[in-house]
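Okay, structure first, notes after.
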Amino acid sequence: MEFFDKFSETIMSASKDMSQKARDLSETAKLSLDIRSKEDCVRRLYAEIGEQYYKEHKDDIEPAYEQMEKIKEYMETIENLKKHLQEVKGTKTCDRCGEEIQTGDAYCRKCGAKVEEDDIVVDAEVKDAPVEDESAEEPVQTTDDMVEEE
């Protein structure tokens, strides 16, 4: 009987240890997640402060940080890439609402603003077709003519 009592105590003790370790592990995971969440909030706030500072000082003659010049360069590059992407896709941006619209559209699909003709970019040039001498033209051969030749 003594064996079963010791065995039972051992199992109870191990069970309590396992249960405590599971609670500790759960608490550790929860705390780690909380810490990461708060650190992410701080990073976002830093980014917001930096963005706000940049917007307030982007036109300064001598920027306080060299990164500000790099941001300006990247922003210009991004704008050029967006324009190129729109050219490739055959779209443009509505001046009124900013929606992307097809180049040939007369009205914006989102806000209904009329797209001005001079705003439409046309890539192709129109050239006069060469005038051919009509007397030098050979008659066009039809399928009926081809059958008769055989």
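- Clustering of Ile, Leu, Val, Met, Phe, Trp and Tyr by side-chain heavy atoms under 4.5 Å joins Val42 with Tyr46.
- In terms of modelled atom types and a separation under 3.5 Å, the side chain of Ser13 and the main chain of Glu9 share no donor-acceptor contact.
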Evaluate the criterion side-chain contact (heavy atoms from CB on, under 4.5 Å) for residue pair Lys89 and Glu100; output intermediate values, then yes/no. CA-CA 10 Å; Lys89 289 170 48 178; Glu100 190 173 273; 2.9 Å; yes

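- Annotation: Lys70, atom NZ; neighbour count of heavy atoms from other residues, nucleotides and ligands within 6.0 Å does not exceed 12.
- Between Arg44 atom CZ and Glu48 atom CD the span is 8.0 Å, to the nearest 0.5 Å.
- A donor atom on one side chain and an acceptor atom on the other are found under 3.5 Å apart for Arg23 and Ser19.
- The SG atom of Cys94 sits 8.0 Å away from the CD atom of Glu99 when rounded to the nearest 0.5 Å.
- Listed for the Thr103 side chain is a donor-acceptor partner under 3.5 Å among the backbone atoms of Gly90.
- At distances below 3.5 Å, at least one donor-acceptor pair connects side-chain atoms of Thr10 with backbone N or O atoms of Lys6.
- Within the 3.5 Å criterion, the main-chain N or O of Met68 finds no donor-acceptor partner in the side chain of Lys58.
- With rounding to the nearest 0.5 Å, the separation of CG in Leu33 from NZ in Lys38 is 10.0 Å.
- Ionic pairing of Glu87 and Lys92 is not present here: no N-O contact between side-chain nitrogen and carboxylate oxygen is shorter than 4.0 angstrom.
- Contact check on Lys55 versus Glu51 returns a salt bridge, with a Lys/Arg side-chain nitrogen under 4.0 Å from an Asp/Glu carboxylate oxygen.
- Pairs engaging residues 51-77 under the ring-ring contact (aromatic ring centres under 6.0 Å, His included) rule: Tyr53-His57 [sequence neighbours left out].
- Within 6.0 Å of atom CD in Gln102, more than 12 heavy atoms from other residues, nucleotides or ligands are found, so the atom counts as buried in its surroundings.
- Taken to the nearest 0.5 Å, the CZ atom of Arg36 stands 10.0 Å off from the CG atom of Asp34.
- If you take CG on Leu25 and CE on Met18, they are separated by 10.5 Å, rounding to the nearest 0.5 Å.
- Electrostatic pairing of Arg109 and Asp105 counts as a salt bridge here, judged by a charged N lying under 4.0 Å from a carboxylate O.
- Salt bridge absent: Asp24 and Lys21 never bring a charged side-chain N and a carboxylate O closer than 4.0 Å.
- One finds the CG atom of Asn80 at 10.5 Å from the NE2 atom of His84 (value rounded to the nearest 0.5 Å).
- The heavy-atom pair separating Cys111 from Cys108 by the smallest distance is N-SG, 3.5 Å.
- Under the ring pair (Phe, Tyr, Trp, His ring centres under 6.0 Å) criterion, Tyr107 pairs with no residue, sequence neighbours left out.
- Using a 3.5 Å distance cut-off with no hydrogens or angles, the side chains of Gln86 and Thr93 do pair a donor with an acceptor.
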